[in-house]
Amino acid sequence: MANIQQVAQEAGVSVATVSRVLHGQGSVATKTRIKVEDTIKKLNYQPSMLGRNLRNSESRLLLILIPKISNPFYFDIIKGIENIAISQGYNILLCETDSSPERENIYFDLVRTKMADGIISMDPAVNMEALMELAENHPIVQCSEYAVESDIPYVTIDSEEAAYRAVKHLIKIGNENIAFINSDKRYLYARQRNEGYQRALKEHGLAVKEEYIYHTEHLGFEYGQQAVKSILNLEDRPTAVFAVSDLLAIGALKEIHACGFHVPDDIAVVGFDNIDFSNMTNPALTTIAQPMYKMGTLAVDMLIKKIQGNDVESIILDHELIMRESTSG
């Protein structure tokens, strides 16, 4: 591969002249510029991105913090982030934190040492104190999960309202005893969806029964199975289940069938997220659709604007209740 010295020699100009052409500086005569550009094409010269980035004090690398790469909820968000990032000349690095402060610090150090330009955090368990401290001097955006007390901009949906709509739908089709499979109370989305669940029940004069509320340690498929196994053993068995993620809901569907019950005739099920798998279950899963791809495109657009020194405002996107066979028969 040719270097800049070879381009200069072939074109009969100085290295400085080639550099000015590459950087679009207007102090080069038109005839000379055309000759240099033709030589660059002829020799297939590729300028050093590393050198350019070092000169500009930028890495063109964005870090995406997620707790588990295996969670399909993140697929479309990442796709949206990647498409916009690449179109703007940035690369992304997926950082699986596994909710570990030690791992987070490794990624934070990449930003502190200018090995990366900024962070999109999607980890609900992220150390917010450390993230807020980092955000004082470095570009940070939160996506999906966010901290109310921080000044870090975010893009998300109204989880409380979405959960309220999901439970209201279950009540509307005749359910009064509705179980709730929730995540860890430490996470904002878990607290907000709990508020939506309880608001819908209270609005319709239904009691909030603690024995119907089940908290899982993680969002995996098997945790939905475990939760429903406990719920089905209740003396006053509920006629519907609302889960805070599709993975939990799909696990619940499997366990309900394994125990000899029929969905939705015996138990209706609603999930949350509208991941691709939610339309492949039997029956297909009623769920809350988050605009994941759009969430990703907006998050990276916000981050790039912050990198460029611009102020950005937080965004709350619309959601949609997708009604399928798990509640309609």
Side-chain angles (χ1 to χ4, degrees), residues 71 73 77 122 124-125 142-150 154-219 223-224 227-228 230-231 234 238-253 263-264 267-275 278 285-292 294-295 314-324 326-328:
N71 189 337
F73 167 71
I77 298 180
M122 291 191 279
Q142 298 172 103
C143 182
S144 181
E145 184 74 357
Y146 65 99
V148 178
E149 70 276 9
S150 79
Y154 57 83
V155 55
T156 190
I157 67 162
D158 186 337
S159 277
E160 194 268 351
E161 178 65 22
Y164 167 79
R165 285 186 63 190
V167 177
K168 189 173 181 179
H169 168 64
L170 288 170
I171 296 169
K172 185 178 179 181
I173 61 175
N175 296 286
E176 294 187 351
N177 295 319
I178 302 170
F180 180 37
I181 305 177
N182 199 3
S183 181
D184 195 313
K185 293 178 184 177
R186 291 178 301 161
Y187 306 148
L188 178 63
Y189 77 85
R191 299 195 300 274
Q192 290 175 331
R193 293 173 197 181
N194 178 61
E195 288 168 7
Y197 165 76
Q198 296 203 21
R199 175 159 71 96
L201 293 179
K202 291 173 182 176
E203 186 177 282
H204 290 83
L206 302 175
V208 177
K209 301 178 181 179
E210 288 301 320
E211 65 269 25
Y212 282 179
I213 301 175
Y214 191 98
H215 290 274
T216 67
E217 292 181 21
H218 301 286
L219 296 178
Y223 290 91
V228 161
S230 298
I231 288 166
L234 292 172
T239 60
V241 173
F242 168 52
V244 295
S245 86
D246 284 346
L247 286 179
L248 293 174
I250 292 168
L253 282 176
V263 176
I267 304 178
V269 179
V270 176
F272 205 112
D273 292 332
N274 195 34
I275 62 174
S278 67
L285 183 65
T286 293
T287 186
I288 293 290
Q290 297 199 58
M292 276 96 83
K294 185 176 182 181
M295 202 178 286
S314 295
I315 300 171
I316 298 178
L317 296 173
D318 291 334
H319 59 270
E320 182 182 1
L321 176 64
I322 307 292
M323 286 178 277
R324 300 194 183 110
S326 70
T327 59
S328 65

side-chain contact (heavy atoms from CB on, under 4.5 Å), that's the test. Do F73 and Q290 meet it? Break it down for me. CA-CA 9 Å; F73 167 71; Q290 297 199 58; 3.4 Å; yes

Can you find a heavy atom in the side chain of M295 that is under 4.5 Å from one in the side chain of S144? yes

Minimum heavy-atom separation for E203 to Y164, with atom names? OE2-OH, 2.5 Å

Determine whether L321 and T286 make a side-chain contact, defined as any pair of heavy atoms from C-beta on separated by less than 4.5 Å. yes

If I take atom CG from residue N194 and atom OG from residue S159, how far apart are they, to the nearest 0.5 angstrom? 12.0 Å

I need the minimum non-hydrogen distance between I157 and A162, along with the two atoms involved. CD1-CB, 4.3 Å

When you compare the side chain of V244 with that of T216, does any pair of heavy atoms fall below 4.5 Å? no

Can you name the nearest heavy-atom pair linking A249 to V270, along with the distance? CB-O, 4.2 Å

Straight-line distance of R191 CZ to D184 CG, nearest 0.5 Å: 9.5 Å

Shortest non-hydrogen contact from A268 toward N175: CB-ND2, 4.3 Å

Y189 vs T156 side-chain heavy atoms within contact, under 4.5 Å: no

Any side-chain heavy atom of L219 within less than 4.5 Å of one from S183? yes

Hey, are the side chains of Y223 and I181 touching, using non-hydrogen atoms and a 4.5 Å cut-off? no

What's the shortest heavy-atom distance between P124 and E145, and which atoms? CA-CG, 3.3 Å

Answer yes when E320 and R165 have at least one side-chain N-carboxylate O distance shorter than 4.0 Å, and no when they do not. no

Go through the steps to decide whether I231 and I267 satisfy the test side-chain contact (heavy atoms from CB on, under 4.5 Å), and finish with yes or no. CA-CA 11 Å; I231 288 166; I267 304 178; over 6 Å; no

Within 6.0 angstrom of K294 NZ, more than 12 heavy atoms from elsewhere: no

Separation between CG of L188 and CD of E149, rounded to the nearest 0.5 Å: 8.5 Å

Does the N182 side chain pair with the main chain of A190, one donor and one acceptor, at a distance under 3.5 Å? yes

For atom CD of E217, is the number of surrounding heavy atoms from other residues, nucleotides or ligands below 6.0 Å larger than 12? no

Validation row: E161, R199 side chains within 4.5 angstrom (heavy atoms): yes

Looking at every non-hydrogen atom in both residues, tell me the closest pair between I315 and L317 and how far apart they are. CG2-CD2, 3.8 Å

Just by modelled atom types, is the A147 backbone N or O under 3.5 Å from a matching donor or acceptor in the Q142 side chain? yes

Can you label the angle between the F272 ring and the F242 ring as parallel, tilted or perpendicular, going by 30° and 60°? tilted

Does the side chain to side chain donor-acceptor pair (under 3.5 Å) test come out yes or no for T239 and N177, once each step is laid out? CA-CA 6 Å; T239 60; N177 295 319; 5.6 Å; no

To the nearest 0.5 Å, atom NZ of K168 lies from atom NE2 of H204 at 5.5 Å

So does E211 have more than 12 non-hydrogen atoms from other groups sitting under 6.0 Å from CD? yes

Take T327 and H169, measure what side chain to side chain donor-acceptor pair (under 3.5 Å) needs, and give me the verdict at the end. CA-CA 9 Å; T327 59; H169 168 64; 3.0 Å; yes

Derivation of the side-chain contact (heavy atoms from CB on, under 4.5 Å) call for L247 and H218: CA-CA 10 Å; L247 286 179; H218 301 286; over 6 Å; no

Do P238 and I178 touch side chain to side chain, with heavy atoms closer than 4.5 Å? no

Would you give the length of the straight line joining atom CD1 of I250 to atom CD1 of I275, rounded to the nearest 0.5 angstrom? 4.5 Å

To the nearest 0.5 Å, atom CG of D158 lies from atom CZ of R193 at 10.5 Å

